[in-house]
K.L.:
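Here it is, the structure, as structure tokens.
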Amino acid sequence: LLTVVLQFRYSQTMLSFSARTPEDIASELGTDLSQGLTTDEAARRLRIHGPNSLGRPMRARLSGLLVAQLKNPLVSVLLVAGVVTLALGELLDTIVIAIALTINAVIGTFQERRANRAFERLTEAEEHFATLIRDGKHVRVEAREVVRGDVVELASGSAVPADVRIVSEKNLALNEATLTGEWVPVAKTTELLLYASALTERSNMAWMGTFVVGGRGCGVVVATGQRTELGKIASEVRAPDERPTPLQ
């Protein structure tokens, strides 16, 4: 219940950014749209909130994934049953149990490797560098150093380093296939959107991991790392909600 409440509050917060003026958002985030954050303030926020990263888990070895499949209680029961049937000379039952265990191990390992690779592809979608305005100057920093309240510039060919409320734009268009699967460029605007509830409808927002395919623009960062829309997807892939099957 707590998780549902927190996700609802977060979604409402993100919706409010698209329904508020850039000046109001800048005031709340303690930033200046023309000067950006100061270097000291950005460093302070980075220490408090951590890097703008989805995290990179250790890649599990194939042998480790196979062993993990044997830690299931149902598998333990089948192993014991296999030993018993073998001891009783019930060769056919033993073979059936062995086939069931093999299929379970192969499918389980395949699914886990697939999930791990999906998460790795999400982390690869992160932009390595970002162009920001700090202390009134244009600076280029690693994307992991971007913090909430930073003013970021978006140019054709670059990736969006965090979730951004667009402040200004000129023919700005983004490819949001990372989140929506749709490869058609999406035109962006700075207008207030009072009724845009779905992510695809928030045309005044730019999402982490999406790509600028045309025009240019500028925006203020409203979410970084795991708090971004891409971060929520990565978290679900990285820590799935495992439930027992009907057979278990």
K.L.:
Side chain of Arg148, backbone of Ala223: donor and acceptor closer than 3.5 Å?
P.N.:
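Not confirmed, Arg148 side chain does not pair with Ala223 backbone.
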K.L.:
With sequence neighbours left out, write down each residue that passes side-chain hydrogen bond (donor to acceptor under 3.5 Å, both in side chains) with Asn104, or none if nothing qualifies.
P.N.:
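By the side-chain hydrogen bond (donor to acceptor under 3.5 Å, both in side chains) rule, Asn104 matches no residue at all.
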K.L.:
Does Arg202 use its side chain to pair, donor to acceptor, with the backbone of Ser18 at less than 3.5 Å?
P.N.:
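Such a contact is absent between Arg202 side chain and Ser18 backbone.
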K.L.:
Take Val152 and Thr131 through the test side chain to side chain contact (heavy atoms under 4.5 Å, CB included) and record every step on the way to the result.
P.N.:
CA-CA 6 Å; Val152 59; Thr131 301; 5.9 Å; no
K.L.:
Hey, are the side chains of Thr190 and Pro22 touching, using non-hydrogen atoms and a 4.5 Å cut-off?
P.N.:
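No; the side chains remain at least 4.5 Å from each other.
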K.L.:
Can you name the side-chain contact (heavy atoms from CB on, under 4.5 Å) partners of Glu23, sequence neighbours left out?
P.N.:
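Counting only residues at least two positions away or on another chain, Glu23 forms a side-chain contact (heavy atoms from CB on, under 4.5 Å) with Thr21, Leu33.
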K.L.:
Establish whether Ile133 and Val220 are linked, either directly or via other cluster members, by ILVMFWY side-chain heavy-atom contacts under 4.5 Å.
P.N.:
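Different clusters: Ile133 never reaches Val220 through Ile, Leu, Val, Met, Phe, Trp or Tyr contacts under 4.5 Å.
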K.L.:
If the threshold is 4.0 Å, N to carboxylate O, is there a salt bridge linking Glu41 and Arg134?
P.N.:
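Salt bridge: no.
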K.L.:
If we ignore hydrogens and angles and just use 3.5 Å, is the side chain of Asn204 paired with the main-chain N or O of Ile166 as donor and acceptor?
P.N.:
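Answer holds: no.
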K.L.:
Do His128 and Glu142 meet the criterion of a side-chain donor-acceptor pair at a distance under 3.5 Å?
P.N.:
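Side-chain D/A pair, His128 to Glu142: absent.
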K.L.:
Is there a chain of hydrophobic side chains (I, L, V, M, F, W, Y, each step under 4.5 Å between heavy atoms) that links Leu79 to Leu86?
P.N.:
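They do not share one cluster, since no chain of ILVMFWY contacts under 4.5 Å joins Leu79 to Leu86.
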K.L.:
Please identify each residue that fulfils side-chain hydrogen bond (donor to acceptor under 3.5 Å, both in side chains) with Asp93, with sequence neighbours left out.
P.N.:
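Partners of Asp93 under the side-chain hydrogen bond (donor to acceptor under 3.5 Å, both in side chains) test: none.
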K.L.:
From Thr178 OG1 over to Trp183 CH2, what is the distance, rounded to the nearest 0.5 angstrom?
P.N.:
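Between Thr178 OG1 and Trp183 CH2, I get 7.0 Å after rounding to 0.5 Å.
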K.L.:
Return the set of residues passing side-chain contact (heavy atoms from CB on, under 4.5 Å) with Ile103 (not counting sequence neighbours), or none when no residue passes.
P.N.:
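Expected list: Ile99, Ile107.
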K.L.:
Apply the hydrophobic cluster definition, ILVMFWY joined by side-chain contacts under 4.5 Å directly or through others, and give me every member besides Leu46.
P.N.:
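Joined to Leu46, directly or through intermediates: Leu37, Val147.
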K.L.:
Does any non-hydrogen side-chain atom of Asp150 lie less than 4.5 Å from one of Arg45?
P.N.:
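A side-chain contact is absent here, since even the closest heavy-atom pair is not under 4.5 Å.
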K.L.:
Among all residues two or more places apart in sequence or in another chain, which pass the side-chain hydrogen bond (donor to acceptor under 3.5 Å, both in side chains) test with Thr94?
P.N.:
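With sequence neighbours excluded, Thr94 shows a side-chain hydrogen bond (donor to acceptor under 3.5 Å, both in side chains) to Thr85, given in chain and number order.
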K.L.:
Please list, chain by chain and in numerical order, all residues satisfying side-chain contact (heavy atoms from CB on, under 4.5 Å) with Ala81, sequence neighbours excluded.
P.N.:
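With neighbours one apart ignored, the set is Ile97.
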K.L.:
Under a 3.5 Å cutoff, is there a donor and acceptor pairing between the side chains of Asp40 and Thr38?
P.N.:
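Distance-only check fails for Asp40 and Thr38.
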K.L.:
Ignoring hydrogens and angles, tell me if any N or O in the side chain of Asp32 forms a donor-acceptor pair with the backbone of Ser34 under 3.5 Å.
P.N.:
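At least one qualifying donor-acceptor pair exists.
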K.L.:
Can you list everything that forms a salt bridge (charged side-chain N to carboxylate O under 4.0 Å, His left out) with Arg216? Sequence neighbours excluded, please.
P.N.:
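Partners of Arg216 under the salt bridge (charged side-chain N to carboxylate O under 4.0 Å, His left out) test: none.
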K.L.:
How long is the span from the CZ atom in Phe129 to the CD atom in Glu145, to the nearest 0.5 Å?
P.N.:
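Spacing of CZ (Phe129) from CD (Glu145) equals 9.0 Å.
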K.L.:
Give a yes or no on whether Val164 and Val212 share a hydrophobic cluster (residues Ile, Leu, Val, Met, Phe, Trp, Tyr; joining criterion: side-chain heavy atoms under 4.5 Å apart).
P.N.:
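In one cluster with Val164: Val212, yes.
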K.L.:
Nearest 0.5 angstrom please: Glu229 CD to Leu179 CG, how far?
P.N.:
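Going from the CD atom of Glu229 to the CG atom of Leu179 covers 7.0 Å.
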K.L.:
Give me the other members of the hydrophobic cluster that Val83 sits in, counting Ile, Leu, Val, Met, Phe, Trp and Tyr linked by side-chain heavy atoms under 4.5 Å, directly or via other members.
P.N.:
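Cluster partners of Val83: none, it stands alone.
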K.L.:
Under the rule for side-chain hydrogen bond (donor to acceptor under 3.5 Å, both in side chains), what residues qualify as partners of Ser76, not counting sequence neighbours?
P.N.:
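side-chain hydrogen bond (donor to acceptor under 3.5 Å, both in side chains) list for Ser76, sorted by chain: empty.
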K.L.:
Would you check if the side chain of Asp163 reaches a backbone N or O of Met208 as a donor-acceptor pair within less than 3.5 Å?
P.N.:
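Side chain of Asp163 to backbone of Met208: a pair is present.
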K.L.:
Under 4.5 Å between any side-chain heavy atoms of Leu154 and Cys218, yes or no?
P.N.:
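No; the side chains remain at least 4.5 Å from each other.
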K.L.:
Tell me if a side-chain donor or acceptor on Glu169 pairs with a main-chain N or O of Asn171 at a distance below 3.5 Å.
P.N.:
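Yes, because the side chain of Glu169 sits within donor-acceptor range (under 3.5 Å) of the backbone of Asn171.
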K.L.:
Sequence neighbours left out, what passes side-chain contact (heavy atoms from CB on, under 4.5 Å) with Leu88? Give chain and number order.
P.N.:
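Per chain and number, Leu88 pairs via side-chain contact (heavy atoms from CB on, under 4.5 Å) with Val84, Glu90.
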K.L.:
With salt bridge (charged side-chain N to carboxylate O under 4.0 Å, His left out) as the rule and sequence neighbours excluded, what pairs involving residues 174-183 come up?
P.N.:
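The answer is Glu176-Lys188.
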K.L.:
Is a side-chain donor or acceptor of Asn175 paired with a backbone partner of Phe211 at a separation under 3.5 angstrom?
P.N.:
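Judged by distance alone, no pair lies under 3.5 Å.
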K.L.:
Under a 3.5 Å threshold, yes or no: a donor from one side chain and an acceptor from the other, between Asp135 and Thr39?
P.N.:
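Side chains of Asp135 and Thr39: pair found under 3.5 Å.
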K.L.:
Distance from Leu29 atom CG to Ile25 atom CD1, nearest 0.5 Å?
P.N.:
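If I round to the nearest 0.5 Å, the distance is 7.0 Å.
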K.L.:
Please name the pair of heavy atoms, one in Arg165 and one in Arg20, separated by the smallest distance, quoted to 0.1 Å.
P.N.:
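Heavy-atom minimum between the residues: NH2-O, 2.8 Å.
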K.L.:
Do Leu54 and Leu230 come close enough that some side-chain heavy atom pair is under 4.5 Å?
P.N.:
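The answer is yes; the side chains approach within 4.5 Å.
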K.L.:
At their closest point, which heavy atom of Pro161 faces which heavy atom of Ala143, and how far apart are they?
P.N.:
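Smallest interatomic distance, heavy atoms only, reads CB-CB, 4.2 Å.
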K.L.:
Looking only at atom types and distance, does a side-chain atom of Thr228 sit under 3.5 Å from a main-chain N or O of Thr224, one as donor and one as acceptor?
P.N.:
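Here the side-chain-to-backbone pair does not exist.
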K.L.:
Honestly curious: do Ile233 and Met205 fall in one hydrophobic cluster under the side-chain, below-4.5 Å linking rule?
P.N.:
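Hydrophobic grouping puts Ile233 with Met205.
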K.L.:
With side chains defined as the heavy atoms from C-beta onward, is the minimum distance between Val213 and Leu174 less than 4.5 Å?
P.N.:
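Result no, sub-4.5 Å side-chain heavy-atom pair not found.
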K.L.:
Quick one, Val167 and Val151 - any side-chain contact, counting heavy atoms below 4.5 Å?
P.N.:
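No, every pair of side-chain atoms sits at 4.5 Å or beyond.
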